[in-house]
**Student:** 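Can you keep this structure in mind? I'll have questions shortly.
Since the structure is predicted, the reported quantities are computational estimates derived from the model, not experimental observations. Values below: every heavy atom of this structure, side chains too, minus hydrogens, waters and symmetry copies.
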Amino acid sequence: MLHWIQYLRGYVTVKVWGYSVERLLNLCGNHDVLVWDIEDHGDYHTMRISIAGFFALKPLLKKTGTRAAVLGKYGLPFFVSKMCRRKLFVAGLVCCILFWCLASRFIWDIRIEGNFALTEDVLMDYLEERGVHTAMKKSELEIGTLEQALREDYDLITWTSAQLRGTTLVIHIKENEMPVYDDRDSGKDGQGMDLVAEKAGVVTYIITRSGVPQVACGDSVEKGDVLVSGAVPVYNEDTTVRKYQYVEADADITLAYDRNLTLEEEIAYDEKCYTGEAVEIPVIGTGEREVAFRLRKVPYTFYDTSEEKKQVQLLDHLYLPLYYGKRTVQEYEIVPKMHTEEEMKMLLEERWRKIISTLNEKGVQIAKKNVTIKKNDEKWVLFAHMQLEESAVKLAPTVTEPVDDSSEEEASEEESQTD
């Protein structure tokens with residue numbers, strides 16, 4: 001604490017030599033002139049003294065026949081006097097502080113943490129629609145409203161927390177680990193749901209858990225046909241339908257269908273070969289504007305461009321609306337080449353494996369397949385005939401209309417009259 005007081009008031013380091021330095025120190029104590037860090041160097045002494053004490057030292061020096069010289073000046077008063085002589089530096093420092101204070105009132109970075117099912121691009125687009133974006137004022141952001149909107153608009157989000165850390169908006173979310181079902185796909189409020197075919201094919205397997213099956217194994221169906229009805233009939237004694245109980249149809253159904261696939265690869269192709277020549281262009285920018293320090297046009301006919309940018313960060317969560325980096329321009333040449341027979345087969349087989357892998361990921365089973373590879377004049381062709389099996393069904397509102405109540409009443413009246 002004493003060091004800071006001394007720095008604010010200012011002090012100097014002096015060199016004292018002469019007839020009686022010890023007497024000078026005694027007189028300083030009698031006249032309340034504070035000195036400290038006294039060091040004896042034999043022929044002279046060094047000490048530190050405040051600015052006011054240095055001016056009070058002059059009569060004591062004459063009285064004791066000693067001399068003093070200033071070795072160094074320290075403290076805020078000397079720093080301010082130096083700055084006053086450097087007006088441009090002071091003006092730049094003031095402008096920098098004002099810019100810092102002004103920039104700290106805006107949001108310059110948005111981070112989203114805890115999302116897995118919802119991608120960051122989806123959430124960033126949602127925030128943009130809500131008016132939450134970089135370069136917006138902190139005062140315009142209503143954190144409570146934003147948190148509530150995220151929970152209401154996304155059923156998958158069960159908890160949200162938004163925080164402002166410096167110029168960074170950090171949004172923490174927690175997603176529901178259980179699947180979310182849409183009420184429209186349930187059999188509530190008397191609305192039944194049918195299982196309909198998404199593709200044309202032949203039913204190879206069906207086990208019904210809920211609803212009334214409309215097809216059996218071996219039946220051919222078209223796209224949109226009802227496979228399991230969500231309307232369960234309730235019969236009268238005369239086997240007429242009294243009413244329907246609507247449920248959500250549930251069943252394991254497998255459809256088999258044929259699919260033809262053709263893959264083509266050109267024998268001749270153009271290969272991109274980099275020459276090793278490259279140009280690096282410094283880039284600075286703010287927001288959507290940027291300036292590239294390019295002295296001349298790119299001297300290449302064919303080239304690729306890549307960029308590396310970094311936002312200016314003063315502290316951990318304090319970002320400025322400035323970024324810098326470089327743009328790298330690499331030259332390449334187009335070299336015509338021809339695939340060999342082995343390369344062509346490898347390319348076609350690689351594409352075929354990717355297709356098989358994609359089908360397996362979607363739960364599609366390949367019951368049969370017949371693959372042939374042929375060579376034409378300019379390309380190779382892979383032709384595949386496959387028999388696929390999958391659960392190509394979906395839920396749809398039931399098409400069965402409820403039984404008219406008036407017809408039921410008339411039928412009951414006729415029965416009573418007969419009796």
**Student:** Go through the structure and list residues passing side chain to side chain donor-acceptor pair (under 3.5 Å) with T46, not counting sequence neighbours.
**Tutor:** H41

**Student:** Sequence neighbours excluded, which residues qualify as side-chain contact (heavy atoms from CB on, under 4.5 Å) partners of A251?
**Tutor:** L195, T208, V228, I253

**Student:** Could you go through the side-chain contact (heavy atoms from CB on, under 4.5 Å) check for Y324 and K310 one step at a time?
**Tutor:** CA-CA 5 Å; Y324 62 94; K310 194 172 184 180; 3.7 Å; yes

**Student:** Once you round to the nearest 0.5 Å, how far does CD of E378 lie from CG of N376?
**Tutor:** 9.0 Å

**Student:** Using only atom types and a distance under 3.5 Å, with no angle test, would you say the side chain of T204 pairs donor to acceptor with the backbone of T254?
**Tutor:** yes

**Student:** Counting N and O atoms only, with roles assigned by atom type, does the side chain of Q245 sit under 3.5 Å from a partner on the main chain of K243, one being a donor and the other an acceptor?
**Tutor:** no

**Student:** Are any side-chain N or O atoms of D194 and backbone N or O atoms of G230, one a donor and one an acceptor, separated by less than 3.5 Å?
**Tutor:** yes

**Student:** Would you mind reporting whether N260 and H385 have side-chain heavy atoms less than 4.5 Å apart?
**Tutor:** yes

**Student:** Kindly say whether K174 contributes a backbone atom to a donor-acceptor pair with the side chain of T158 at under 3.5 angstrom?
**Tutor:** yes

**Student:** Out of curiosity, N115 CG to E120 CD, how far, rounded to the nearest 0.5 Å?
**Tutor:** 6.5 Å

**Student:** Give the C-alpha distance, both sets of side-chain angles, the deciding distance and a yes or no for side-chain contact (heavy atoms from CB on, under 4.5 Å) between I173 and L123.
**Tutor:** CA-CA 11 Å; I173 66 174; L123 293 175; 3.9 Å; yes

**Student:** For the backbone of A103 and the side chain of W108, can you confirm whether one donor and one acceptor N or O come within less than 3.5 Å of each other?
**Tutor:** yes

**Student:** Please check if atom CG in L98 has more than 12 non-hydrogen atoms from other residues, nucleotides or ligands closer than 6.0 Å.
**Tutor:** yes

**Student:** Sequence neighbours left out, what pairs pass ring-ring contact (aromatic ring centres under 6.0 Å, His included) with at least one residue falling in residues 127-163?
**Tutor:** Y126-Y154

**Student:** Would a 4.5 Å heavy-atom cut-off, applied to side chains only, mark I49 and V12 as touching?
**Tutor:** yes

**Student:** Name all pairs fulfilling the salt bridge (charged side-chain N to carboxylate O under 4.0 Å, His left out) condition that reach into residues 133-150, sequence neighbours left out, sorted by first residue then second.
**Tutor:** none

**Student:** Show the numbers, then the answer: is there a side-chain contact (heavy atoms from CB on, under 4.5 Å) between K309 and E290?
**Tutor:** CA-CA 11 Å; K309 296 180 182 179; E290 66 178 25; 2.8 Å; yes

**Student:** Looking at every heavy atom in both V70 and K73, which two are closest together, and how far apart are they?
**Tutor:** CG1-CG, 4.1 Å

**Student:** Which value, rounded to the nearest 0.5 Å, describes the distance between T134 atom OG1 and I107 atom CD1?
**Tutor:** 9.0 Å

**Student:** Taking C-beta and beyond as the side chain, do E390 and K199 meet within less than 4.5 Å on heavy atoms?
**Tutor:** yes

**Student:** Who pairs with K326 by salt bridge (Lys or Arg N to Asp or Glu O under 4.0 Å), at least two apart in sequence or on another chain?
**Tutor:** E280

**Student:** With sequence neighbours left out, what residues match V202 under side-chain contact (heavy atoms from CB on, under 4.5 Å)?
**Tutor:** S220

**Student:** Scan R351, K345, H339, K379 and name whichever one has a side chain to side chain donor-acceptor pair (under 3.5 Å) with E265.
**Tutor:** R351

**Student:** If you count every heavy atom of other residues, nucleotides or ligands that lies below 6.0 Å from F106 atom CZ, does the total exceed 12?
**Tutor:** yes

**Student:** Give a yes or no on this: more than 12 heavy atoms of other residues, nucleotides or ligands lie within 6.0 Å of atom CZ of R9.
**Tutor:** no

**Student:** Measure the shortest side-chain to side-chain distance between E129 and D153 over non-hydrogen atoms and say whether it is less than 4.5 angstrom.
**Tutor:** no

**Student:** Taking CD in Q365 as the centre, count heavy atoms belonging to other residues, nucleotides or ligands within less than 6.0 Å. Is the count above 12?
**Tutor:** no

**Student:** About how many Å separate OG1 of T372 and CG of L382, when rounded to the nearest 0.5 Å?
**Tutor:** 7.0 Å

**Student:** Got a sec, which residues hit salt bridge (Lys or Arg N to Asp or Glu O under 4.0 Å) with E350, two or more places apart in sequence or on another chain?
**Tutor:** R353

**Student:** Do you know the tightest heavy-atom contact between E175 and A117?
**Tutor:** OE1-N, 2.9 Å

**Student:** Quick one: side-chain contact (heavy atoms from CB on, under 4.5 Å) partners of T262, sequence neighbours excluded?
**Tutor:** E264, V381, F383

**Student:** For residues L146 and L127, determine if any side-chain heavy atom of one lies less than 4.5 Å from a side-chain heavy atom of the other.
**Tutor:** yes

**Student:** Applying side chain to side chain donor-acceptor pair (under 3.5 Å), which residue pairs with at least one partner in residues 267-277 are found, sequence neighbours left out?
**Tutor:** E271-K337, K272-D304, Y274-D304, T275-E331

**Student:** Considering all heavy atoms of both residues, which atom of Y300 and which atom of A278 are nearest to each other, and what is their separation?
**Tutor:** OH-N, 3.5 Å

**Student:** Quick one: salt bridge (Lys or Arg N to Asp or Glu O under 4.0 Å) partners of E128, sequence neighbours excluded?
**Tutor:** none

**Student:** Between A292 and I281, which heavy-atom pair has the shortest distance, and what is it?
**Tutor:** CB-CG2, 3.9 Å

**Student:** Looking only at heavy atoms, which two atoms of V241 and P233 are closest? And how far apart?
**Tutor:** CG1-CB, 4.2 Å

**Student:** Do the non-hydrogen side-chain atoms of V279 and V298 ever get within less than 4.5 Å of each other?
**Tutor:** no

**Student:** Run I267 and K375 through side-chain contact (heavy atoms from CB on, under 4.5 Å) and show every step you take.
**Tutor:** CA-CA 9 Å; I267 298 177; K375 176 185 177 183; 4.1 Å; yes

**Student:** With sequence neighbours excluded, what pairs up with A200 under the side-chain contact (heavy atoms from CB on, under 4.5 Å) test?
**Tutor:** E222

**Student:** Measuring from W352:CH2 to S357:OG, what's the distance to the nearest 0.5 Å?
**Tutor:** 12.5 Å

**Student:** What residues form a salt bridge (Lys or Arg N to Asp or Glu O under 4.0 Å) with D250, not counting sequence neighbours?
**Tutor:** R209

**Student:** Can you give me the closest heavy-atom contact between P213 and I206, atom names plus distance?
**Tutor:** CB-CD1, 4.3 Å

**Student:** May I ask you to test the L322-I284 pair for a side-chain heavy-atom distance under 4.5 Å?
**Tutor:** no

**Student:** Just wondering, more than 12 heavy atoms not from Y74 lying within 6.0 Å of its OH?
**Tutor:** yes

**Student:** Any side-chain heavy atom of T145 within less than 4.5 Å of one from R130?
**Tutor:** yes

**Student:** First locate atom CE of M47, then atom CD of E39, and finally report the distance between them rounded to the nearest 0.5 Å.
**Tutor:** 10.5 Å

